[in-house]
Amino acid sequence: MKKMIEEAFAKHFGGEGILYVAPGRFNLIGEHTDYNGGFVFPGAIDKYIMADIRPNGTDGVVRLYSIDMDASCEFGLNEEDAPKEQWARYVFGVCREIIKRGGVVKGFDAVFAGNVPLGAGLSSSAALESCFANALNDLFNDNRFPRMELAKIGQSTEHNYCGVNCGIMDQFASVHGKKDYIMRLDCRSGEFEYFPIRLDGYKLVLVDSRVKHELVDSPYNKRRESCERVARKLGVETLRDATMDMLNAAKDEISQEDYMRAEYVIGEKERVLDVCDALNRGDLETVGDRMYKTHQGLSKLYEVSCEELDFLNDIAKECGVTGSRIMGGGFGGCTVNLVRDDIYDNFIDTVTSRFKERYGHEPKIYPIVVSDGARRYQE
Ligand code: ADP
Ligand code: MG
């Protein structure tokens with residue numbers, strides 16, 4: 001990718017710039033926990049956006065070329081200059097959010113490309129934001145913005161320029177990622193901790209169902225409302241502070257549905273903590289067990305799975321995969337799988353053919369390696 005980007009830069013702008021990269025992310029465990037004040041457990045992956053960037057000496061003219069879109073875009077840095085192309089709005093948003101925070105952005109030229117699949121749940125948009133946020137921090141601001149602020153710049157970009165009301169996890173992971181470590185982020189305090197993930201003898205692989213069920217009434221909002229109702233009933237700010245004992249003591253005053261939602265969320269908090277201990281011991285079998293339990297909870301209690309995802313989960317189990325679960329909000333998208341090396345090929349063949357037999361198309365397979373976060377590129 002490096003060579004292709006450098007050649008495109010030379011062609012469009014002449015000479016060369018400085019290369020930066022930022023990755024997409026996966027989430028090992030901790031789903032639907034962010035809005036409950038709980039934990040998520042993401043890591044950066046070996047799929048990334050790479051950009052070649054060079055200040056162009058102008059006061060505020062930005063010229064971009066996206067290799068993957070095969071399109072150019074030029075904009076100014078004033079608020080009214082927002083480009084209409086979606087892909088360029090991510091870069092514009094990052095510039096604006098840096099300026100809003102008192103940072104400096106001057107004119108620059110950039111060429112970029114990526115290999116994070118778009119819209120597959122690996123957060124290509126966060127990779128794009130983090131790549132530029134980190135680059136502009138380095139080029140124009142002496143790196144004075146701390147890493148967490150770069151993540152917030154990306155998040156605000158989604159909110160204010162892309163119409164996506166996302167949490168902080170994706171940008172957080174893209175910015176803070178570290179090779180061989182995943183990060184437990186406390187969504188309430190913003191504190192985080194690195195945990196080693198030693199995968200000797202195992203691989204991580206995402207299986208993308210390539211389905212996305214559009215649902216009529218917003219199931220996400222309904223889940224959120226259930227959680228808020230139960231929290232109120234239990235007298236806690238969020239379900240983060242609730243225990244199963246508390247929930248059971250109030251069982252009679254809670255609807256069956258709300259009870260199930262809360263049971264999942266409280267269970268998920270426990271599972272995340274179990275996974276931390278297991279990772280510290282290097283015990284991947286326990287990690288896998290909790291992944292299956294999370295899937296079960298998302299499917300039967302939180303009810304955000306779908307036939308295709310349950311099917312992928314069943315096949316994983318049949319093949320002897322160590323851990324497998326829905327990754328992301330649900331109703332489609334990927335499963336994340338922890339697979340022993342010795343059964344890996346068999347699992348991939350089986351899941352591919354059985355899924356195709358049943359649903360008429362093959363799932364996409366994305367092997368992932370836990371990698372470093374946003375950085376200046378070095379060979
Ligand atoms: P994801 O789940 O992958 O983040 P989004 O819909 O949030 O999906 O973001 C995808 C958008 O991000 C694309 O439509 C495009 O505008 C932008 N994007 C992501 N990767 C690239 C890329 N390699 N080149 C240009 N734009 C990209
Ligand atoms: Mg996105």
Side-chain angles (χ1 to χ4, degrees), residues 1-2 4-5 8-9 12 19-27 31 34 40 42-53 62-75 82-95 97 109-135 151-175 177 206-214 220 326-336 364 366 368 373-374 377:
M1 192 184 317
K2 172 178 180 284
M4 173 177 77
I5 293 175
F9 192 95
H12 284 265
L19 288 165
Y20 293 87
V21 287
R25 62 98 189 95
F26 83 115
N27 187 31
E31 215 64 77
D34 51 350
V40 291
I45 60 176
D46 57 334
K47 308 200 179 338
Y48 48 83
I49 297 275
M50 182 183 281
D52 202 359
I53 309 185
V62 174
R63 296 185 291 178
L64 303 175
Y65 176 67
S66 158
I67 293 183
D68 301 321
M69 302 289 163
D70 187 18
S72 297
C73 180
E74 183 173 320
F75 58 76
K84 60 180 192 316
E85 296 90 340
Q86 180 65 23
W87 61 269
R89 293 181 72 89
Y90 290 97
V91 181
F92 177 77
V94 166
C95 297
E97 291 297 330
D109 299 334
V111 170
F112 70 97
N115 56 13
V116 189
L118 275 61
L122 279 65
S123 227
S124 63
S125 64
L128 181 51
E129 292 146 11
S130 303
C131 183
F132 277 88
N134 178 54
K152 288 182 183 156
I153 285 166
Q155 183 193 24
S156 302
T157 296
E158 300 260 358
H159 292 181
N160 299 332
Y161 298 92
C162 308
V164 180
N165 197 9
C166 61
I168 191 76
M169 173 172 82
D170 301 351
Q171 292 78 11
F172 161 80
S174 178
V175 162
L206 306 180
V207 178
D208 183 358
S209 66
R210 295 165 64 202
V211 300
K212 192 80 218 164
H213 296 288
E214 298 297 338
Y220 298 107
I326 299 168
M327 191 178 84
F331 304 114
C334 293
T335 60
V336 52
K364 280 229 157 79
Y366 302 118
I368 52 171
Y377 178 81

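Counting convention: from 1, in listed order, for ligands and their atoms alike. For the numbers below, each heavy atom of this structure counts, side chains included, while hydrogens, waters and symmetry mates do not.
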Where is the nearest protein heavy atom to atom 24 (N) of ligand 1: which residue, which atom, and how far? F112 CE1, 3.5 Å

Testing the 3.5 Å rule here: is there a donor-acceptor pair between the side chains of D52 and Y20? no

Backbone or side chain, does any N or O of Q86 fall under 3.5 Å from an N or O of ligand 1? no

Closest heavy-atom pair, A88 versus C73, reported as atoms and distance to 0.1 Å, is CB-SG, 3.6 Å

Report yes or no: does S123 have an N/O/S atom closer than 2.8 Å to the Mg ion (ligand 2)? no

Is it the side chain, the backbone, both or neither of D68 that has a heavy atom closer than 4.0 Å to ligand 1? side chain

Below 4.0 Å, non-hydrogen atoms only: which portion of V164 touches ligand 1? Side chain, backbone, both or neither. neither

If you count every heavy atom of other residues, nucleotides or ligands that lies below 6.0 Å from K364 atom NZ, does the total exceed 12? no

For the aromatic rings, using the six-membered ring if either is Trp, is the centroid distance between F112 and F132 under 6.0 Å? yes

On a heavy-atom basis, I'd like to know which of L64, D170, I49, L118 is closest to atom 13 (C) of ligand 1. L118

Side chain to side chain, C131 and M50, heavy atoms closer than 4.5 Å: no

Any N or O of G119 closer than 3.5 Å to N or O of ligand 1: yes

So, does V116 sit close enough to ligand 1 that a heavy atom of it is under 4.0 Å from the ligand? no

Element-labelled atoms of ligand 1 that are located less than 4.0 Å from some non-hydrogen atom of P117: 3 (O)

Here the pair of heavy atoms bringing C162 nearest to Q86 is CB-NE2, 3.7 Å

Is there a side-chain contact between I153 and E129, using heavy atoms and a 4.5 Å cut-off? no

Taking the side chain as every heavy atom from C-beta outward, state whether V62 and F92 have any pair of such atoms under 4.5 Å apart. no

If we number the atoms of ligand 1 from 1 as shown, the ones under 4.0 Å from a heavy atom of S66 are 24 (N), 25 (C)

Quick one: does any side-chain atom of R89 pair with a main-chain N or O of P83 as donor and acceptor, under 3.5 Å? yes

Starting from atom 18 (N) of ligand 1, find the nearest protein heavy-atom neighbour and note its residue, name and distance. L128 CD2, 3.9 Å

Closest to atom 10 (C) of ligand 1 among S123, S124, G24 (heavy-atom distance): S124

Examine the proximity of ligand 1 to M69 and report which part, side chain or backbone, both or neither, has a heavy atom under 4.0 Å away. side chain

Donor-acceptor pair, side chain of R25 and main chain of G121, under 3.5 angstrom: yes

Distance from atom 6 (O) of ligand 1 to nearest protein heavy atom, with residue and atom: Y90 OH, 4.5 Å

Between S125 and ligand 1, which residue portion shows a heavy-atom distance shorter than 4.0 Å: side chain, backbone, both, or neither? both

Atoms of ligand 1 less than 4.0 Å from G114 heavy atoms? 23 (N)

